[in-house]
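Since we're looking at a predicted model, the values are computed, not measured. In what follows, every chain begins at residue 1, and chains take the letters A, B, ... in the order their sequences are listed.
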Amino acid sequence: MNFDFSDDQKMLRDQARKFLNEKSSTKTVRTVLNDDAKSFDADLWKAVAAQGWLGVTIPEEHGGLGLGRLELCVLAEEIGRAIAPIPFSSTLYFFTEALLSAGSAEQQAKVLPGVVDGSVIGAFAVSEGPGAPSPTSIEAQFDGSKLTGVKIPVTDGDIATHAVVLAREGAGLSLVLVDLNQAAVKRETLQTLDPTRGHARLTFTKATAERIGKAGEGWDLAEGVLDRAAVLIAFEQIGGSQACLDMSVEYAKGRYAFSRQIGSFQAIKHKLADMYVGIELARSNAYYGAWALSTESSQLPIAAAAARIAASDAYYFAAKENIQAHGGMGYTWEVDCHLFYRRSKLLAVQAGGPGVWKEKLVRRLELKNAA
Amino acid sequence: MDFNDSSEEAAFRAEARAWLEKTLGPPASRATMKTEGDVIKASKAYQAKKAAAGYVGLTWRKDVGGRELPPIFQVIFSQEEQKFQAPVSPFGIGLGMCIPTVIAFHSADKIKRYVGPALRGEEIWCQLFSEPSAGSDVAGLKTKAVRDGDDWIVNGQKVWTSGAHYCDYGILLVRTNPEKEKHKGLTMFVVNMKAPGVEVRPIHQMSGGSNFNEVYFTDVRISDSERLGEVGNGWNVALVTLMNERLAVGGSAGPEYGEILELARNTPSPSGKGSLLQDQAFREKLAGWYVSAEGYTLGKYRTMTALSKGQTPGPENSIGKLLNANRMQDLANAAIEGEDHFGIISDPAVAPLQGAFHNAYMWAPGLRIAGGTDEILRNIIAERVLGLPQDVRVDKGVAYKDLPTGR
């Protein structure tokens with residue numbers, strides 16, 4: 001029984017933290033935030049590729065490192081802590097996971113080497129409008145070779161080179177792979193809560209596309225990708241939550257009111273203790289999710305849902321109370337609290353909102369209990 | 001990362017399970033224990049067999065009767081014991097907190113005297129720290145011990161002592177020097193609960209039950225040879241006891257998400273359409289309880305992994321009771337409200353799960369206070385885990401006798 005990351009994985013974490021402290025300080029994040037024309041940091045993306053991180057789960061035959069999902073979890077936590085302005089989650093947790101689980105050998109060989117070197121940026125496009133997507137709500141159409149429809153919002157859709165899209169094919173749904181650099185794809189950049197990541201509306205008008213996986217299995221494949229992404233995003237959420245707690249603790253020690261450190265007041269202590277409890281609850285659930293993901297366990301659907309719910313709750317609480325602990329300063333543009341408040345909301349809805357995941361969890365528990 | 005047993009652990013689990021099967025049989029096969037006397041008798045009988053088979057003190061030193069196994073083996077054994085509903089409750093405090101303190105601070109011949117009988121369940125122990133005016137602020141306790149030759153004379157009152165009425169010995173924290181600051185004038189002793197001058201009175205709890213006691217000390221004589229640690233060092237001895245408490249405290253003692261899920265499956269929903277389990281508001285709460293319960297269990301495994309690597313249990317383990325007690329209260333409340341009018345019925349013959357949700361509802365307020373209130377646990381997390389500064393203290397540098405007391 002061993003519920004911890006290995007020494008090698010912890011070493012990778014330390015290296016990643018050091019690297020991101022240097023290359024992705026909040027100053028770097030702000031260069032993207034403050035520039036409307038910029039939706040990611042291209043230099044950081046190249047540097048991350050040079051570190052080998054983009055190939056961490058990709059087999060060696062495609063140029064990757066062929067390590068496991070646990071290594072990706074470790075990196076995700078650091079990416080989340082640094083609120084790195086790069087399309088890491090879209091490309092690795094969604095796009096690459098979709099290709100690795102459903103793509104043919106040919107499709108993998110075509111795209112994955114580009115992921116490893118950073119030249120391919122991947123997106124995953126499901127949503128078409130307000131509310132949770134369902135098997136009956138998807139309207140985008142795939143006719144076997146061409147894709148027509150609208151996807152909104154697509155995270156990193158403004159900069160992605162490729163996308164995996166959920167579309168209707170005949171009576172069922174399928175996942176299709178699309179090269180976004182074609183005239184039949186129109187991109188419109190969207191203004192969002194978190195400008196440190198790009199978002200777009202993608203309009204496909206008979207765009208050339210190819211199916212990945214079997215026809216009619218798109219919904220189940222997408223659900224599988226979401227389960228995998230949920231675990232990985234949970235680690236990003238935990239990294240971000242921990243950064244909020246660290247900020248709050250530091251501020252509460254240094255800020256004086258009524259001639260005492262504000263951290264000596266129980267109103268502040270209990271708030272920060274609750275942040276800690278939420279983060280540890282999320283961490284324990286995420287570790288279990290990481291184990292289930294890395295071992296392809298049948299427990300993954302339940303573990304992923306629990307990890308996602310706990311991490312979304314923890315990050316929301318940590319991000320909002322971090323602002324509160326900072327008082328008026330926390331509400332200014334210059335103090336970093338809002339960067340986390342923004343990112344926490346993106347991550348909470350990016351793979352489906354908490355309501356959807358609570359419903360998924362209970363449905364899965366009902367089945368398990370009935371069995 | 002591996003959530004499965006290692007081959008060594010799996011072998012131990014199988015061996016433990018076989019022994020439990022042979023010794024206890026399935027829970028359903030056992031006679032229902034009606035009185036507390038029955039429970040104590042059955043517990044002592046079980047404990048004797050458990051000690052003979054070498055399943056007590058798994059992590060303790062060999063020279064005191066332990067096996068020096070990594071803590072994970074204790075977890076495995078406890079998990080299996082729980083499945084068989086083994087009668088172990090009277091020994092939790094003694095073996096989990098008192099005896100480890102005795103082993104850490106008592107003399108060699110006293111360790112020999114006390115550890116064996118405790119291991120075999122022949123003697124039961126309790127812990128005497130809290131007082132009517134010293135709860136969260138336990139170092140403010142009043143009970144005093146005055147030196148008299150080779151003995152100490154103890155006068156005062158303890159409260160919230162679990163099992164005092166059936167215990168043989170206790171560890172007792174008293175004030176030996178009121179001239180010093182409050183944390184520095186304390187000393188710890190082993191006290192014979194049957195000694196003249198010790199009087200135990202049960203507390204009538206709001207739940208109707210009586211799990212705790214008041215213990216009065218009137219001119220109780222304790223030999224200096226029963227002192228644990230140095231005179232005036234009682235606070236540090238108590239911290240060792242409390243550190244062990246973190247390992248000993250278990251999970252929620254109430255119904256969990258599985259039980260309420262089944263209840264909801266067979267209860268109509270508030271909307272009148274379908275079952276309570278199909279009610280969206282209920283489903284959201286159910287998801288939350290699952291995440292909390294699983295997070296607690298998995299967090300405990302993380303702690304055990306750290307322990308197996310030689311780390312000591314830290315204050316981060318204060319999370320468990322905070323989560324469990326509050327979840328127990330909310331879950332019980334939702335079960336009762338979910339039953340609508342019918343929810344008021346606690347009669348075991350009529351209420352679901354023989355009234356387990358009602359018992360939890362009435363037990364939870366106590367659990368949120370016992371062993372560190374929610375508020376104290378948050379303070380511990382804030383100060384000892386996050387490193388936030390202590391609150392402004394009006395008792396620093398002041399002799400105990402000069403402190404304001406109020407009522």
Would you indicate whether the side-chain heavy atoms of [Y] and [X] approach each other to under 4.5 Å?
| X | Y | answer |
| --- | --- | --- |
| B:Phe282 | A:Val362 | no |
| B:Leu386 | A:Leu245 | yes |
| B:Arg283 | A:Glu366 | yes |
| A:His270 | B:Glu375 | yes |

Checklist entry - Is a donor on one side and an acceptor on the other found under 3.5 Å between the side chain of A:Lys269 and the backbone of B:Pro389? => result yes
Checklist entry - Can you tell me if A:Asn285 uses its side chain to pair, donor with acceptor, with the backbone of B:Val291 under 3.5 Å? => result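 Yes, because the side chain of A:Asn285 sits within donor-acceptor range (under 3.5 Å) of the backbone of B:Val291.
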Checklist entry - Which heavy atom of B:Gln280 sits nearest a heavy atom of A:Glu359, and at what distance? => result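 Where B:Gln280 meets A:Glu359 most closely, the heavy atoms are NE2-OE1, 2.7 Å.
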Contact part of [X] toward chain B, heavy-atom cut-off under 4.5 Å: side chain, backbone, both or neither?
| X | answer |
| --- | --- |
| A:Leu272 | both |
| A:Phe265 | neither |
| A:Gln9 | neither |

Checklist entry - Say you draw a straight line from CG of A:Asn2 to CG of B:Asp5; how long is it, rounded to the nearest 0.5 Å? => result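 The distance works out to 12.0 Å.
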Checklist entry - For the candidates B:Leu323, B:Asn379, B:Leu261, which exhibits the highest count of non-hydrogen atom pairs separated by less than 4.5 Å from chain A? => result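 Going by pairs under 4.5 Å, I would pick B:Asn379.
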